[in-house]
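To keep things clear, I will list the structure first and then write my remarks on it.
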Amino acid sequence: MEHKLQSERLDRKDVSADLIRQYKTMQSELTSKVRRLDEEVTQLRQQLAPCQEELRTERRDREQMEKEKDAIIAELQNKLDNMETEYEKILHDTLDSLLSQLKETRLGWESRSTAIHQGYKDLLCDFGLIPLDI
């Protein structure tokens, strides 16, 4: 029985030593894995920093371009509105001038027409005809 007890103690000691060895191996592997992952995190953060800065720069550039584009659009719209106003004024001035010229021409033709009619009336009277009867 003593021998069996001794054997049990030895087995327990062997199992315990094996478990301790496995535990230390696992602990060592996990420590190594944690260290490796920490290094990877550090490296990724170092890679991320320039990317974030580039992103901020790109966003600033895009916002600046949008502001410039909006300013150009507003300027062009203003020029277009001014041109529209100017062309409208030119059109009105031209139409007013045309109407004035037409009125003057009409008055000239009416005056000339009246003179021609009077000449024909006088001729008819010279022949002894009454112009209203014809």
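Residue numbers count from 1 along this sequence.
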Can you tell me how far [atom2] of [Y] sits from [atom1] of [X], rounded to the nearest 0.5 angstrom?
{"X": "W109", "Y": "I116", "atom1": "CH2", "atom2": "CD1", "value": "7.5 Å"}
{"X": "L19", "Y": "M26", "atom1": "CG", "atom2": "CE", "value": "10.0 Å"}
{"X": "H117", "Y": "L124", "atom1": "NE2", "atom2": "CG", "value": "11.0 Å"}
{"X": "Q101", "Y": "L99", "atom1": "CD", "atom2": "CG", "value": "9.5 Å"}
{"X": "E84", "Y": "Y87", "atom1": "CD", "atom2": "OH", "value": "11.5 Å"}
{"X": "D18", "Y": "K13", "atom1": "CG", "atom2": "NZ", "value": "14.5 Å"}

inquiry  = With a 3.5 Å distance limit and no angle check, can you tell me whether S97 reaches the backbone of D93 through a side-chain donor-acceptor pair?
reply    = no
task = Indicate yes or no for a side-chain donor-acceptor contact from S100 to the backbone of D96 under 3.5 Å, with no hydrogens or angles considered.
result = no
Taking 4.0 angstrom as the limit, do [X] and [Y] come out as a salt bridge?
{"X": "R36", "Y": "E40", "answer": "no"}
{"X": "R62", "Y": "E66", "answer": "yes"}
{"X": "D38", "Y": "R35", "answer": "no"}
{"X": "E75", "Y": "K79", "answer": "yes"}

Side chain to side chain, [X] and [Y], heavy atoms closer than 4.5 Å:
{"X": "Q64", "Y": "R60", "value": "no"}
{"X": "L37", "Y": "K33", "value": "yes"}
{"X": "R56", "Y": "E53", "value": "yes"}

task = Applying side-chain contact (heavy atoms from CB on, under 4.5 Å), run through Q77 and L80 and close with a yes or a no.
result = CA-CA 5 Å; Q77 184 62 45; L80 183 65; 4.1 Å; yes
inquiry  = Is there a side chain to side chain donor-acceptor pair (under 3.5 Å) between Q43 and E39? Walk through the geometry before answering.
reply    = CA-CA 6 Å; Q43 182 183 13; E39 288 172 3; over 6 Å; no
task = Would you sort out whether I72 and L76 count as a side-chain contact (heavy atoms from CB on, under 4.5 Å), showing the intermediate values?
result = CA-CA 6 Å; I72 290 171; L76 291 173; 3.9 Å; yes
ask   = Do you see a donor-acceptor pair shorter than 3.5 Å between the side chains of N82 and E86?
value = no
key: Intermediate values then yes/no, salt bridge (charged side-chain N to carboxylate O under 4.0 Å, His left out), E63 and K67   = CA-CA 6 Å; E63 288 171 2; K67 286 179 184 177; 5.7 Å; no
